[in-house]
Each structure stands twice: as C-alpha cells, then as structure tokens.
Amino acid sequence: MLRLSLTLALGLRLLAAHAQTSPPMTVPPTAISHLENLMEATKKAAAKSPGTKARHAETNPELNRYLVIAADDFLRVTREAPSQEAYLAAIDKGLGRLAALANTRPLRQQVADYYLDLLEIVGLESSEGKLDAFVAQAGQ
C-alpha cells in the first residue's frame, strides 16, 4: 500500500511538472534559415544610404542593433526549445530593450511589424496583445 501511494504521488508530481512546462512547438523547417536571412537583411539595411527606403526602422543604427538581437533571440529559441511561452518571453525581453529607443508611435509600429515578421517565420499566430500594447504605449 505504501509503495502504491508513493508511486501515485510521484506520478502526480511528474504530471504537475509536465503541465507547467509548455509543449514544444513545431516550427516550419525553413524557420532557421529565414531568421538568419532576416538578421542579415536588417544588418545590410542599416548600411544603405539615407535616401533609400528601408523596410523597417533599420536606418537607426542603435535600433537596428536591437532588431538584430531580437531576431537572434528568436533564432536561439528556435534552435533550443521552441514553445509559445519561450517566444513570448523573447518578445517581452526584446520590447523591454527597445522601449526607450522606439519612443514614437511610428517607430513602435515599425518594431511591432518586425516582430510580426518574426512571428510569421516561426509559425506563431499571435503575440497575445504584447505588440499592440507596445505600440499603444508610445510617448507615455
């Protein structure tokens, strides 16, 4: 009886631990190469002359540096343990780094668009309102 109780208790503990960890996400097989390409494109866009049109806010070197770091965060999650929670944590971390630099609504929208590209690459459908909240906080 004691052995059964211990086995049951251990089993319940393992189930509880498993429930607290997020299940791994299946990312598209091309996600890593697309993230690497986006990082390279972001780096190159900063080197363009001021008169050329950039897709995102890459013409600001400091902001560009943090956008590359954001893509690298996603790349790291994709390689190590892709899960929705891990990507959402990467978004929180990245937006925290970018908050002071992207201090206008247009800049924040460009940052949000960049993150939307990242989400699309890894197959995540939503930032759970994180990007909308980030844009809405412009100038506050």
Can you see which heavy atom on [X] is nearest to which on [Y], and at what distance?
X	Y	answer
Ala86	Ala81	CB-O, 3.9 Å
Ser83	Val77	N-CG1, 4.4 Å
Val122	Pro28	O-CD, 3.4 Å
Thr42	Tyr114	OG1-OH, 2.9 Å

- From CA spacing to verdict: side-chain contact (heavy atoms from CB on, under 4.5 Å), Leu107, Leu101: CA-CA 9 Å; Leu107 275 178; Leu101 289 172; over 6 Å; no
- Does anything in residues 67-102 pair up under ring pair (Phe, Tyr, Trp, His ring centres under 6.0 Å), and if so which pairs, sequence neighbours excluded? Phe74-Tyr87
Can you name the salt bridge (Lys or Arg N to Asp or Glu O under 4.0 Å) partners of [X], sequence neighbours left out?
X	answer
Lys130	Asp92
Arg79	Glu36
Glu40	Lys43

Apply side chain to side chain donor-acceptor pair (under 3.5 Å) to [X] and list each qualifying residue two or more places apart in sequence or on a separate chain.
X	result
Ser127	none
Thr30	His34
Tyr115	none
Asp132	none

Supply the atom-to-atom distance [X] [atom1] to [Y] [atom2], rounded to the nearest 0.5 angstrom.
X	Y	atom1	atom2	result
Gln137	Arg105	CD	CZ	11.0 Å
Leu35	Asp73	CG	CG	11.0 Å
Leu88	Lys93	CG	NZ	14.5 Å
Leu63	Gln110	CG	CD	8.0 Å
Met39	Leu75	CE	CG	6.0 Å
Leu98	Asn103	CG	CG	11.5 Å

Taking only residues two or more places apart in sequence, or in another chain, which ones meet [X] in a side-chain contact (heavy atoms from CB on, under 4.5 Å)?
X	result
Ala89	none
Leu116	Asp113, Leu119, Leu131
Arg65	Glu62, Ile69

- 4.5 Å side-chain heavy-atom contact, Ile91 and Phe134: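 They are not in side-chain contact.
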- Message: When you compare the side chain of Val111 with that of Val135, does any pair of heavy atoms fall below 4.5 Å?
- Response: no
- Message: Under 6.0 Å from the ring centre and within 45 degrees of the ring axis: does the NZ or CZ of Arg97 meet both conditions for the six-membered ring of Tyr66?
- Response: no
- Message: For Asn64 and Asn60: C-alpha separation, side-chain torsions, deciding distance, then whether side-chain contact (heavy atoms from CB on, under 4.5 Å) applies.
- Response: CA-CA 6 Å; Asn64 173 61; Asn60 177 329; over 6 Å; no
